[in-house]
Amino acid sequence: MASKAEDKEALYAYKTEEEQQLARTIADTLYRYDAVATDRLAKLSELTDAHVKQFWEQGYLVVDEVLNAEEVASALEALMDILYGRSQGSKIQFVKPRSELHSEEEIELAARKIHDYVAHEPRLKAIADHPDVMAAMAKLFGEGARLAQDQAILKPPTGGAEKPWHQDMAYGNLAYDQSVIGLWLALDPAELDNGCMHVIPYSHREGAVPHYAVRDWQLCDVSVHVERDVAVPLKPGGALIFSGLLHHGTPPNFSLKRRRALQLHYASESAKKLTPQEYKKMFTNEMTGAEC
């Protein structure tokens, strides 16, 4: 009889050997695993003016603990309640048709993203509005902050897909005239083998870069400075805070481990949305016609 792990692998791994080989090639060639972020704050409350300067210079900060164990457990409970229908109103994106998912395990492992939950799930709203988070955002922006987007990214075992290199502000709902700031909160251990975040330090200084519809809405693979890639492993409750223009991505999850995370984006109070015309000029190839 197959083990539970083998059953999961058979059900959720890539459909063909060619798909899996492509995913492994991408993981091996577009990401590096020998450079790991070591400069970290222990807690968000330790954020100083020097850290603010560092953030805007390099494009990101790593914090070992933003959420405590109780808050992490509450967030995971809320996400599972959303997935299993015990909490209503939030939106879920599946990698398979919902009609093909018949058990809680199948539902969880086929869920890629949960979003728009703050208006419906008080436990997650409490994290988005966390006093330490809002104080840190105000300090980073130099003015008040407001939530611009809420989602949870779920990278399931044995087949959790890559999120190709991109800039978050290249997604229209986050395209403002000032940089948004992302807060990526690990709820499971985010490690080198299960798809932790990877960043290109200082890449936000290049400004808006055209994106292309390839495997996702993404930077062109040949434009990624893989040699500068820094991986950001995190323990549950730890966070990556990053500029909305920072180049970042996550490789596939080939392990048998979950990798669940909350991702929240904040905009400064004075920021204004870009018009569709401004967005096209900045984040598409409309002006140059260049192809990926």
Side-chain angles (χ1 to χ4, degrees), residues 52 55-61 89-93 112-121 124-131 133-153 163-185 197 199-200 202-214 216-220 223 239-250 261-290 292:
V52 172
F55 173 82
W56 290 112
E57 285 180 348
Q58 72 176 11
Y60 70 96
L61 291 172
S90 305
K91 298 175 183 176
I92 308 172
Q93 181 186 98
R112 177 184 177 273
K113 181 169 72 173
I114 298 173
H115 56 110
D116 297 342
Y117 49 71
V118 162
H120 307 284
E121 182 41 72
L124 298 178
K125 185 177 189 302
I127 292 173
D129 296 340
H130 197 292
V133 170
M134 298 308 295
M137 290 298 160
K139 195 161 190 172
L140 290 168
F141 282 125
E143 62 176 292
R146 53 197 164 102
L147 185 68
Q149 185 188 59
D150 57 284
Q151 56 186 8
I153 308 299
K163 179 65 177 178
W165 290 96
H166 65 284
Q167 297 171 300
D168 283 352
M169 289 173 68
Y171 292 82
N173 56 340
L174 291 175
Y176 286 81
D177 64 350
Q178 300 176 41
S179 178
V180 300
I181 295 178
L183 175 67
W184 196 94
L185 287 157
M197 287 283 276
V199 301
I200 306 292
Y202 305 101
S203 57
H204 65 304
R205 294 183 176 188
E206 300 173 24
V209 178
H211 284 57
Y212 300 86
V214 185
D216 201 322
W217 188 237
Q218 64 177 88
L219 297 171
C220 188
S223 301
L240 172 70
I241 305 174
F242 60 102
S243 163
L245 290 173
L246 189 75
H247 300 188
H248 64 287
T250 62
L262 299 181
Q263 184 163 313
L264 304 163
H265 287 96
Y266 297 86
S268 63
E269 288 181 344
S270 64
K272 296 179 175 60
K273 291 294 295 290
L274 297 181
T275 67
Q277 293 75 21
E278 290 170 326
Y279 169 82
K280 287 181 180 179
K281 288 179 181 179
M282 294 175 68
F283 291 106
T284 74
N285 64 345
E286 183 180 77
M287 298 295 288
T288 65
C292 180

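What you are looking at is a predicted structure, and each value in this text was computed from that prediction instead of being measured.
- His265 has its side chain out of reach of Ile181: every pair of non-hydrogen atoms, C-beta onward, lies at least 4.5 Å apart.
- Lys163 meets the side chain to side chain contact (heavy atoms under 4.5 Å, CB included) test with Arg112, His166, Tyr171, Asp216, Thr250; sequence neighbours excluded.
- Remark: His115 pairs with Lys91, Lys113, Gln151 by the side chain to side chain contact (heavy atoms under 4.5 Å, CB included) rule, at least two apart or across chains.
- Judged by distance alone, with hydrogens and angles left aside, the side-chain atoms of Trp56 form no donor-acceptor pair with the main-chain N or O of Ser243 at under 3.5 Å.
- Remark: side-chain polar atoms of Tyr266 are paired, donor with acceptor, to backbone N or O of Ala128 under 3.5 angstrom.
- Between the side chain of Glu143 and the main chain of Ser270, a donor-acceptor pair closer than 3.5 Å is present.
- Among all heavy-atom pairs drawn from Leu61 and Leu140, the shortest one is CD1-CD2, 4.5 Å.
- For the atom pair Glu269 CD and Met137 CE, the distance stands at 13.5 Å (nearest 0.5 Å).
- In this structure, a donor-acceptor pair under 3.5 Å is absent between the side chains of Ser203 and Glu206.
- Side chain of Tyr279 to main chain of Ala170: a donor-acceptor pair is present (N/O by atom type, distance under 3.5 Å, no hydrogens or angles).
- With sequence neighbours left out, Ala290 forms a side chain to side chain contact (heavy atoms under 4.5 Å, CB included) with Tyr212, Thr288.
- Distance check: Lys273 NZ to Leu174 CG gives 7.5 Å after rounding to the nearest 0.5 Å.
- For Lys280, there are no salt bridge (charged side-chain N to carboxylate O under 4.0 Å, His left out) partners at least two apart in sequence or on another chain.
- Nearest heavy-atom pair across Ala208 and Phe283 is CB-CE2, 3.5 Å.
- In terms of the salt bridge (charged side-chain N to carboxylate O under 4.0 Å, His left out) criterion, residue partners of Lys125 (sequence neighbours excluded) are, by chain and number, Asp129.
- Taking every heavy atom of both residues into account, Glu57 and Tyr202 meet most closely at O-CD2, 2.9 Å.
- A 4.5 Å side-chain heavy-atom check between Trp184 and His248 finds every atom pair outside the cut-off.
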TODO: Apply side-chain contact (heavy atoms from CB on, under 4.5 Å) to Asp177 and Leu274, showing your working.
DONE: CA-CA 6 Å; Asp177 64 350; Leu274 297 181; 4.1 Å; yes

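- Within the 4.5 Å cutoff, the side chain of Ile241 has heavy atoms near those of the Phe55 side chain.
- When atom types are taken as modelled, the side chain of His120 and the backbone of Val118 share no donor-acceptor pair closer than 3.5 angstrom.
- Two residues are said to be in side-chain contact when any heavy atoms from C-beta on lie closer than 4.5 Å; Trp217 and Thr284 meet this criterion.
- At least one side-chain heavy atom of Cys292 sits less than 4.5 Å from a side-chain heavy atom of Val214.
- Of the possible donor and acceptor atoms, one in the side chain of Asp150 sits under 3.5 Å from a partner among the backbone N and O of Asp116.
- Across all non-hydrogen atoms, the minimal contact from Ala152 to Tyr117 is N-CE2, 3.6 Å.
- Among residues two or more places apart in sequence or in another chain, the ring-ring contact (aromatic ring centres under 6.0 Å, His included) test is passed with Tyr60 by none.
- Within the 4.5 Å cutoff, no side-chain heavy atoms of Gln149 are placed close to those of Val180.
- For Gln167 (side chain) and Gly207 (main-chain N/O), a donor-acceptor pair under 3.5 Å exists by modelled atom type.
- For the 3.5 Å distance criterion, the side chains of Gln178 and Ser268 qualify, holding a donor opposite an acceptor.
- Here the NE2 atom belonging to His130 is positioned 11.5 Å from the CG atom belonging to Leu264, to the nearest 0.5 angstrom.
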